[in-house]
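To start, the structure under review is shown below, and the notes come after it.
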Amino acid sequence: MASTLLSIQVIPKTPDGRDTIPYVDEAIRVIQESGVKYQVNALETTLEGELPDLLKIVNDMHEALFKAGCPGVISQVKIAQYPTGISMDKLTEKYRP
């Protein structure tokens, strides 16, 4: 079981006020290619894994957005870490039908 959940909302500064959605899609692509368990929600995406790996993914997301032309990125990150283990499924099971 993973020790960390990390939720992230990326807020890309876009060139010339362009739509942010294609840039958010690029950030999610980085998560998808990382191989970690994740869940995309309306306002943030939650990743499950080990803290060093998840922080690297955050860095990779920022780098991908800079490469895509963003002059800046703000990310709001929430981290829950439990050495004994934590999972999205366990935290939300009582709310699922």
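To the nearest 0.5 Å, atom CG of residue Asn59 and atom CG of residue Leu55 are 9.0 Å apart. To the nearest 0.5 Å, the span separating CE on Met88 from CD on Gln39 amounts to 6.0 Å. If you take OG on Ser87 and NZ on Lys37, they are separated by 6.0 Å, rounding to the nearest 0.5 Å. Rounded to the nearest 0.5 Å, atoms CD (Glu44) and CD (Gln76) are 9.0 Å apart. Within the model, atoms CG of Leu47 and OG of Ser34 stand 6.5 Å from one another, a figure rounded to the nearest 0.5 Å. For the atom pair NZ of Lys56 and CG of Asp60, the computed distance is 3.5 Å after rounding to the nearest 0.5 Å.
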**Item:** Candidate pair Met61 and Ile31, rule side-chain contact (heavy atoms from CB on, under 4.5 Å), full reasoning
**Value:** CA-CA 8 Å; Met61 292 166 66; Ile31 296 169; 3.8 Å; yes

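Residues Ile79 and Ile57 share a hydrophobic cluster, clusters being chains of Ile/Leu/Val/Met/Phe/Trp/Tyr side chains in contact below 4.5 Å.
Pairing each heavy atom of Ile86 with each of Thr4, the nearest pair is CG2-N, 3.7 Å. Of all heavy-atom pairs spanning Ala64 and Val30, the tightest one is CB-CG2, 3.6 Å. A pairwise comparison of heavy atoms in Ser3 and Glu50 identifies OG-OE1, 2.6 Å as the closest pair. Listed here is the closest heavy atom pair of Pro15 and Tyr23: CD-OH, 3.6 Å.
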Please tabulate, for the side chains in residues 5-14, all donor-acceptor contacts under 3.5 angstrom to protein atoms that are two or more places apart in sequence or on a different chain.
| from | atom 1 | to | atom 2 | distance (Å) |
| --- | --- | --- | --- | --- |
| Ser7 | OG | Thr46 | OG1 | 2.7 |
| Thr14 | OG1 | Arg18 | N | 3.1 |
| Thr14 | OG1 | Arg18 | O | 2.7 |

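Residues Tyr38 and Gln32 meet the side-chain proximity criterion, which asks for heavy atoms closer than 4.5 Å. Val73 is listed as a side-chain neighbour of Ser75, based on a closest heavy-atom distance under 4.5 Å.
For Tyr82, the OH atom sits in a loose shell: 12 or fewer heavy atoms of surrounding residues, nucleotides or ligands are nearer than 6.0 Å.
A salt bridge links Glu26 with Arg29; the closest basic N to acidic carboxylate O contact falls under 4.0 Å. Taking a cutoff of 4.0 Å between a charged side-chain nitrogen and a carboxylate oxygen, Lys67 and Glu63 do not qualify as a salt bridge.
The hydrophobic cluster containing Ile21, built from Ile/Leu/Val/Met/Phe/Trp/Tyr side-chain heavy atoms closer than 4.5 Å, comprises no other residue.
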